[in-house]
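Values in this document were obtained by computation on a predicted structure and should not be read as measured data.
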Amino acid sequence: MDNIHPSAVIEEGAKIDPSARVGPFCLVGKDVVLSADVELKSHVVVTGRTEIGEGTVIFSFAVIGEIPQDLKFKGEASRLRIGRRNRIREHVTMNCGTQGGGGLTRIGDDGLFMAGCHIAHDALIGDRVIVVNSAAVAGHCVLEDDVIIGGLSGIHQFVRIGRGAIIGAVTMVTNDVIPYGLVQAPRGALDGLNLVGLKRRGVTRADITALRAAFQMLAQGEGTFHDRAQKLGDETGSDYVREIVDFVMADTGRHFLTPK
């Protein structure tokens, strides 16, 4: 096939759409599915039970679909599913899931995964997520839509990061982050709201004002953090505030980063 470089190694059983392109010295495993207009630049390894959605481009020396970095993994069947139009840059690693985590690592659509970042087993990544250079997302994490992870940051296993939140560079995040939260400092402090992101998405002034008031109530109201969130839910008319409330009240294996 003209779209597969002669130096590429394609294992028998791989399913490659006729419009996909595989560059020099790539390896495509036997259980891999490459959809329409996928492009592997060069020296890319795609292995395991990995599906890559249409229009995704993977740059040199990325390793996609290898086994989890988990000593409990015993070779069980697990998968990696990558959505459409992602940009996966040089030296990125993404691992398949584990039996204990549901067997699936999932990447949404339209993401940007910059050079050297890592997505571990059983992570669930939403749409339009940006993970900046050399950041690491540990196993079982959930990153909702429109999240940004700053460079050289680390996300602890089982942490959830709500929609539209932003994590500053060189930050360690060990607890859940509310939607639209702004987290920074070496040990990850919830330092406000992602106001720039909200404005860029065209969120109305009224909703931003409601979010600011909600943040202050979560920081300074009476009772526990959950008590304050529940009270917000009883009082708010903002869908954005309601989203924060629902996130806080949902099941989680971690505590929350709380406002100072």
Side-chain angles (χ1 to χ4, degrees), residues 83-86 106-113 119 123-132 135 137 140-150 153 155-156 158-169 171-185 187-260:
R84 298 171 294 176
R85 299 179 301 276
N86 289 285
R106 186 180 71 231
I107 312 294
D109 300 335
D110 300 302
L112 172 59
F113 300 87
I119 307 297
L124 304 177
I125 311 296
D127 298 338
R128 300 174 299 279
V129 167
I130 299 173
V131 182
V132 180
V137 178
H140 311 280
C141 288
V142 177
L143 275 58
E144 296 185 350
D145 296 347
D146 302 303
V147 164
I148 299 175
I149 307 297
S153 295
I155 313 301
H156 193 284
F158 292 102
V159 159
R160 298 180 304 143
I161 299 182
R163 183 163 76 105
I166 185 168
I167 311 300
T171 299
M172 181 64 202
V173 181
T174 58
N175 291 311
D176 289 356
V177 178
I178 60 171
Y180 314 109
L182 165 65
V183 174
Q184 53 190 353
R187 294 303 298 179
L190 182 60
D191 203 27
L193 296 170
N194 182 13
L195 296 174
V196 172
L198 289 166
K199 291 173 182 176
R200 284 176 177 171
R201 283 194 291 276
V203 176
T204 66
R205 184 183 297 272
D207 278 315
I208 290 176
T209 299
L211 283 167
R212 281 176 156 165
F215 188 86
Q216 289 300 315
M217 183 172 177
L218 288 173
Q220 300 173 357
E222 296 180 356
T224 67
F225 186 69
H226 275 78
D227 291 340
R228 296 174 219 160
Q230 190 166 26
K231 185 177 180 182
L232 270 177
D234 294 338
E235 297 177 355
T236 189
S238 167
D239 290 340
Y240 289 90
V241 175
R242 168 58 61 185
E243 189 174 347
I244 292 176
V245 172
D246 291 344
F247 185 89
V248 172
M249 303 309 293
D251 291 336
T252 179
R254 308 294 301 175
H255 296 294
F256 287 87
L257 293 181
T258 55
K260 293 181 179 180

Working to the nearest 0.5 Å, report the span between [atom1] of [X] and [atom2] of [Y].
X: Leu257; Y: Ile178; atom1: CG; atom2: CD1; result: 9.5 Å
X: Tyr240; Y: Thr204; atom1: OH; atom2: OG1; result: 7.0 Å
X: Arg85; Y: Asp109; atom1: CZ; atom2: CG; result: 5.5 Å
X: Ile125; Y: Asn86; atom1: CD1; atom2: CG; result: 10.5 Å
X: Asp176; Y: Phe256; atom1: CG; atom2: CZ; result: 5.0 Å
X: Thr236; Y: Glu243; atom1: OG1; atom2: CD; result: 11.5 Å

Which heavy atom of [X] sits nearest to which heavy atom of [Y], and what is that distance?
X: Val248; Y: Ala229; value: CG1-CB, 3.7 Å
X: Glu144; Y: Arg163; value: OE1-N, 2.9 Å
X: Ala219; Y: Pro259; value: CB-CB, 3.4 Å
X: Ser238; Y: Asp207; value: OG-OD1, 3.0 Å
X: Ile119; Y: Ala123; value: CG2-CB, 3.9 Å
X: Leu232; Y: Met217; value: CD2-SD, 3.5 Å

query: Do side-chain atoms of Ser153 reach the backbone of Gly168 as a donor and acceptor pair under 3.5 angstrom?
result: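 The answer is yes, because a donor-acceptor pair under 3.5 Å joins these two groups.
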
- prompt: For Leu218, does its backbone N or O pair with a side-chain atom of Arg228 as donor and acceptor, under 3.5 Å?
  reply: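 Yes; at least one donor-acceptor contact below 3.5 Å.
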
field: With Asp127 via salt bridge (charged side-chain N to carboxylate O under 4.0 Å, His left out) - residues at least two apart
entry: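 Counting only residues at least two positions away or on another chain, Asp127 forms no salt bridge (charged side-chain N to carboxylate O under 4.0 Å, His left out).
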
Are any of the side-chain heavy atoms of [X] and [Y] separated by less than 4.5 Å?
X: Met172; Y: His156; value: yes
X: Arg160; Y: Phe247; value: yes
X: Val241; Y: Leu211; value: yes

message: Less than 4.0 angstrom from a charged side-chain N to a carboxylate O is my criterion; do Lys231 and Asp227 meet it?
response: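 Salt bridge absent between Lys231 and Asp227.
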
task: State whether Asp146 and Arg128 are salt-bridged, where the test is any N-O pair (Lys NZ or Arg NE/NH1/NH2 against Asp/Glu carboxylate O) under 4.0 Å.
output: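 Yes, Asp146 and Arg128 are salt-bridged.
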
message: Could you check whether Phe225 and His255 have their ring centres less than 6.0 Å apart?
response: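 Judged by ring-centre distance (under 6.0 Å), His255 and Phe225 do not meet the cut-off.
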
- prompt: Phe113 pairs by side-chain contact (heavy atoms from CB on, under 4.5 Å) with which of Ile130, Val131, Val132, Ile149?
  reply: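 Considering Ile130, Val131, Val132, Ile149, a side-chain contact (heavy atoms from CB on, under 4.5 Å) with Phe113 is found only for Val131.
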
Show every donor-acceptor pair shorter than 3.5 Å between a side-chain atom in residues 189-202 and any protein atom, with sequence neighbours excluded, or say none if there are none.
unit_1 : atom_1 : unit_2 : atom_2 : d
Asp191 : OD2    : Gln184 : NE2    : 2.6
Asn194 : OD1    : Gly197 : N      : 3.1
Asn194 : ND2    : Gly164 : O      : 2.9

- request: Scan for side chain to side chain donor-acceptor pair (under 3.5 Å) pairs involving residues 208-221, sequence neighbours excluded, and state none if there are none.
  value: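 Matches after skipping sequence neighbours: Gln216-Gln220.
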
